[in-house]
Amino acid sequence: MEALAHIEAKINEFLKELESPLVLALSANLQRGKMLRSKLALQIAGESEECLLLCAILEMIQSASLLHDDVIDDALTRRSKPSINALFGNKNAIMLGDVFYSKAFCELTRFASKYPEIPRIIANAVSTLAVGEMEDVELAKSFNDEEAKYLTMIEHKTAALIEAAAYAAAFLAHKSREVAEDFRIYGRNLGIAFQIIDDVLDIISDSKTLGKPALSDFKEGKTTLPYIYLYAKLNDSDKMRLKNAFGCDLSPMEQDWILENLQTQGAIAQSIALAKSLGNCGIEAIANHSCDKLIQIMREMIERDF
Ligand code: FPP
Ligand code: MG
């Protein structure tokens, strides 16, 4: 069986152990994503039984966080399909998330005696991502024009678990602390670049490829990096126009104006350039550890869909 299918099977086994037909019925409606965290861990630590366990834990935490995120964002779709909250309501979505992440933590304790760093790394990352989600909600309360606040928030919300996947996998592969730090830096940069590209794709992909409406971030009240860069370039009256459109259901005319300005003012290109430069820093961090596949993962992630 291919490694990703193995991970899927392991998750299903864990869910069956809970002996709840309700959990199985609800989770049958979940779609697994790209499994980036697993791909990363597998590249660093190889396809051992221990690594497959780590991957299953990471994917369950990832699913839990998205179940909660869709409730927080009132998102009715996830990967082009109805979200769990849309199908079964917020209460079920939150509790299914709780089931996923508490079961993942239960399995995480298996690493404690042989690899004491791993439970600490993963548990700490989950606290960080919850803090990141809180920061995201806070930032969405008004138009944010500060690049630093956005970058800190995505480092917490998205990069923390990707960083933890790389860092924990390095310990699993018996790398020295020093080398593990290099993989950690790679993971952090991959995570930040990943979220920037995701936020760019929300603008430039059509809604079919994305599985959600175009410019959905801005309409939901999220000032992602391209909008922050655009705002900095606009004159005072256009700054006001952009701010007024924030968090609104945009008219076709307003949507076209924003889209055109994001391109002509170079805000999209500037965002992609930052993702690329972070990607290169990540690649540099692992330059001495002969990891061609990790370099490829970074490049493919940045170049996806454009
Ligand atoms: C997606 O963001 C959300 C995250 C990357 C993190 C969410 C984290 C929590 C809800 C903390 C709780 C954690 C656990 C384990 C229960 P997004 O809304 O920008 O992306 P999207 O477009 O994919 O929804
Ligand atoms: Mg969301």
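Just so you know, ligand 1 is whichever comes first in the structure, and atom 1 is the first atom listed for that ligand.
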Discussion item. Please classify the E133 to ligand 1 contact at 4.0 Å (heavy-atom distances, strictly less than): side chain, backbone, both or neither.
Written reply: side chain
Item to complete: Could you say whether the N/O atoms of D198 and ligand 1 ever approach to under 3.5 Å?
Response: no
Discussion item. Can a donor-acceptor pair be found, under 3.5 Å and without considering hydrogens, that links the side chain of N29 to the backbone of A25?
Written reply: yes
Worksheet item: Applying a 4.0 Å heavy-atom criterion (strictly less than), which segment of L67 is in contact with ligand 1: side chain, backbone, both, or neither?
Response: neither
Worksheet item: If you measure from the Lys or Arg side-chain nitrogens to the Asp or Glu carboxylate oxygens, is any gap between E181 and R184 under 4.0 Å?
Response: yes
Worksheet item: Does the pair K222/D73 count as a salt bridge with the N-to-O cut at 4.0 Å?
Response: yes
Worksheet item: Can a donor-acceptor pair be found between the side chains of D202 and T224 at a distance below 3.5 Å?
Response: no
Worksheet item: By atom name, which N, O or S atom belonging to D73 lies closest to the Mg ion (ligand 2)?
Response: OD2
Worksheet item: Do D136 side-chain atoms and G132 backbone N/O form a donor-acceptor pair below 3.5 Å?
Response: no
Discussion item. Between N124 (side chain only) and R120 (backbone N and O only), is there a donor and an acceptor less than 3.5 Å apart?
Written reply: no
Fill in: Per-atom contacts of ligand 1 with V126, taking only distances under 4.0 Å to non-hydrogen atoms
15 (C)
Worksheet item: Which N/O/S atom belongs to D69 and is the closest one to the Mg ion (ligand 2)?
Response: OD2
Practice prompt. Give the single entry among M134, H68, M153 that approaches atom 12 (C) of ligand 1 most closely by any heavy atom.
Written response: H68
Worksheet item: Among R78, K222, Q195, which residue places a heavy atom closest to atom 23 (O) of ligand 1?
Response: R78
